2 protein chains.
Amino acid sequence: MAAKAFRKPLSRERVLTAAVALVDTQGIQALTMRRLAADLHVEAMSLYYHLADKEALLDGVVETVVAEIGAAVGRVGETGGDRSWRTRLREQFLAARQVMLGHPWVPGVLSGRRSIPAGVIAYYDSIVGTLVGAGFSYHLAHRALHAFGSLPLGFAQEIFSPASAGGDVAADAGLVAQADADPAARAEVDPAAMAATMPYLTKMMAAEIHDAADPTLGWCDSQVEFEFTVNLLLDGLDRLRVDR
Amino acid sequence: MAAKAFRKPLSRERVLTAAVALVDTQGIQALTMRRLAADLHVEAMSLYYHLADKEALLDGVVETVVAEIGAAVGRVGETGGDRSWRTRLREQFLAARQVMLGHPWVPGVLSGRRSIPAGVIAYYDSIVGTLVGAGFSYHLAHRALHAFGSLPLGFAQEIFSPASAGGDVAADAGLVAQADADPAARAEVDPAAMAATMPYLTKMMAAEIHDAADPTLGWCDSQVEFEFTVNLLLDGLDRLRVDR
DNA sequence: ACCTGAACACCGTTCAAGT
DNA sequence: ACCTGAACACCGTTCAAGT
């Protein structure tokens, strides 16, 4: 029919781009073969011509975001100036974070993957290059890589704000535990009970909110936390490094 | 019938214990309502009497492991001696890690959860208590919490060995990328090509394997990496802390 | 109070068949 | 070369019904 003639043929790339867009807007649980196919105006079975199975789809989706990070990090590298290794890595990690902010579901998906995208390996290779170029032994560079964890990819292991889950972000405004199947194990929203079950966190929140300029802005600024952690690690490594 | 009389009634706790055991042995993808019910010699629908839905099951499963960590960390606290805050936290994190080694799928599940188990909050609260007791400001304690990430729970964000996926662990022996749907993006296993696509990592591996006592043991000792990262953070925080 | 059978909507995937 | 229809096995979940 006529409509058919007007649509571009599918390709692995088009499928993956559509998949990333779908997850960005609808959350990870919306990523089904049938749903994705519908977005592409195609039958679910058509996808199998371009991707082996859903595992391959997930791998490809991660790979696509990693490529986007690689591009952003590359642009940082192009900027002139003879910055220190610390500044360069810091800028790279922060650039990666900017990309990651648009795909908050990636940490969750990545941690479930069994294979490492090739792009990730190339990226971490370049980091080792930066480190040894700055006088790191290969041994320390190796330790550094593990210590960095996912920071080079722009995200930290955040226990308290798992935005990874594509659900409602409104729920995790504070440190208050959400509804749980077992009433006995649930943290109370009642301030008095809260102070009883988590006395130090309560005082900490009070102190932080008092210090903050705008108390309504929320008390966990993840940008600040991210930069603090990056600097903490970079400073610590700098002290351990053997200058040449 | 007779068999029925011999089996204990179900309970939320029994269901969760069975669920953890199932995932430990069969992997996370084996955790289905029907499969879990079969393990308990019951119909799938019976589970809904004890758990609201599968989300509640996953929450409960995480909660169960967190409780196990809490118990292990508690035992560390009981040991006498006036150890420094650094030693105490280090021991706690390592104790948590011992528990986590038996449940390598937890990081993956936890990162997908939308709510934080109450036990996690209580645990992090006690960490804040340790920190402020050692002279930390609440502000620095807050930063420290975020910097720690998941280390207090006994695992690091491991990009290179995602054992989280309940699948085959044999595949992630090194830094070599697994099979990928796109041949062009796949890292080659051919050593020469490997050296070309990841020159620094290749040299790093060579240096590390040369230094290691037993080269066959594998070159990423996650216990050592874990302790290094913990110490790096604790040392860095110690320098930022205001002694009283 | 605790468990179940039948049924529903929705998955991923295969395979032979269309153009 | 690229896409599809029909079918299969397997999900989570509801609901009325059993004991």
Side-chain angles (χ1 to χ4, degrees), chain A residues 1-19 22-23 26-62 105 109 112-114 165-167 179 181-183, chain B residues 1-19 22-23 26-62 105 109 112-114 165-167 179 181-183:
Chain A
M1 56 188 77
K4 204 171 183 175
F6 281 84
R7 76 174 183 243
K8 291 187 295 184
L10 235 47
S11 70
R12 189 179 116 95
E13 200 193 1
R14 273 209 338 126
V15 171
L16 294 181
T17 304
L22 173 59
V23 185
Q26 309 287 346
I28 189 66
Q29 82 290 343
L31 183 62
T32 72
M33 302 300 268
R34 287 171 155 95
R35 175 79 197 270
L36 175 58
D39 280 12
L40 289 161
H41 304 104
V42 112
E43 298 302 315
M45 306 77 208
S46 307
L47 299 178
Y48 288 87
Y49 189 81
H50 303 276
L51 268 343
D53 52 14
K54 190 166 185 188
E55 292 292 292
L57 172 62
L58 288 172
D59 282 339
V61 147
V62 170
W105 45 271
V109 174
R113 299 290 66 213
R114 199 146 54 265
D182 180 7
Chain B
M1 54 188 76
K4 203 169 182 176
F6 281 86
R7 77 173 181 243
K8 289 187 296 184
L10 234 47
S11 69
R12 190 180 115 96
E13 199 195 0
R14 272 207 343 124
V15 171
L16 293 181
T17 305
L22 173 59
V23 185
Q26 310 288 342
I28 188 67
Q29 81 291 343
L31 184 62
T32 72
M33 301 301 267
R34 287 171 155 94
R35 176 78 198 271
L36 176 58
D39 281 11
L40 289 161
H41 305 104
V42 113
E43 298 303 313
M45 305 79 208
S46 308
L47 301 178
Y48 287 87
Y49 190 81
H50 303 276
L51 268 344
D53 53 13
K54 191 167 185 187
E55 292 292 292
L57 172 63
L58 289 172
D59 282 339
V61 148
V62 170
W105 44 271
V109 174
R113 298 291 66 214
R114 198 146 55 265
D182 180 8

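Small disclaimer: the values here were computed from a predicted structure and weren't measured. Reminder, nothing fancy here: chain letters follow the sequence lines and each chain counts from 1.
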Look at the side chain of [X] and decide which nucleotide, out of [options], has an atom nearest to it.
X	options	value
A/Glu43	C/dC3, D/dG5, D/dT13	D/dG5
A/Leu10	C/dC3, D/dC3, C/dT13	D/dC3
A/Pro9	C/dT13, D/dT13, D/dC3	D/dC3
A/Ser46	D/dT4, C/dC3, C/dT13	D/dT4

Could you walk me through whether B/Leu31 and B/Trp105 pass side chain to side chain contact (heavy atoms under 4.5 Å, CB included), step by step?
CA-CA 12 Å; B/Leu31 184 62; B/Trp105 44 271; over 6 Å; no

Expressed in angstrom and rounded to an integer, what is the separation of [X] atom [atom1] from [N] atom [atom2]?
X	N	atom1	atom2	answer
A/Leu36	C/dC10	CG	P	17 Å
B/Tyr48	D/dC15	OH	P	13 Å
A/Gln29	D/dT13	CD	P	13 Å
A/Met33	D/dC3	CE	P	14 Å
B/Arg12	C/dC3	CZ	C1'	19 Å
B/Glu13	C/dC2	CD	P	15 Å
A/Asp53	C/dC11	CG	C1'	14 Å
A/Leu51	C/dG12	CG	P	12 Å

For the CG atom of A/Leu40 and the CG atom of A/Leu22, what is their distance to the nearest 0.5 Å?
9.0 Å

B/Ala52 to B/Ala56 - nearest heavy-atom pair and separation
N-CB, 3.9 Å

Checking all strands, does B/Met45 fall into the base, sugar-phosphate, or nothing category for heavy-atom contacts under 4.0 angstrom?
base

Answer with base, sugar-phosphate or nothing: what part of the nucleic acid does B/Thr32 contact at a heavy-atom distance below 4.0 Å?
sugar-phosphate

Under a 3.5 Å limit for both distances, which nucleotide forms a Watson-Crick or G-U wobble pair with D/dC15, could you say?
C/dG5

Pairing check on D/dC10: which nucleotide meets the Watson-Crick or G-U wobble criteria with it, both distances under 3.5 Å?
none

Flag side-chain contact, heavy atom, 4.5 Å: B/His50 against B/Arg14:
no

Are the side chains of B/Leu57 and B/Leu36 in contact, using a 4.5 Å heavy-atom criterion?
yes

Whichever of B/Lys54 and A/Ser11 has the more 5' nearest nucleotide on DNA chain D, that residue is A/Ser11

If you compare every side-chain N and O of A/Tyr49 against the phosphate oxygens of D/dC3 (OP1, OP2), does one of them come in below 4.0 Å?
no

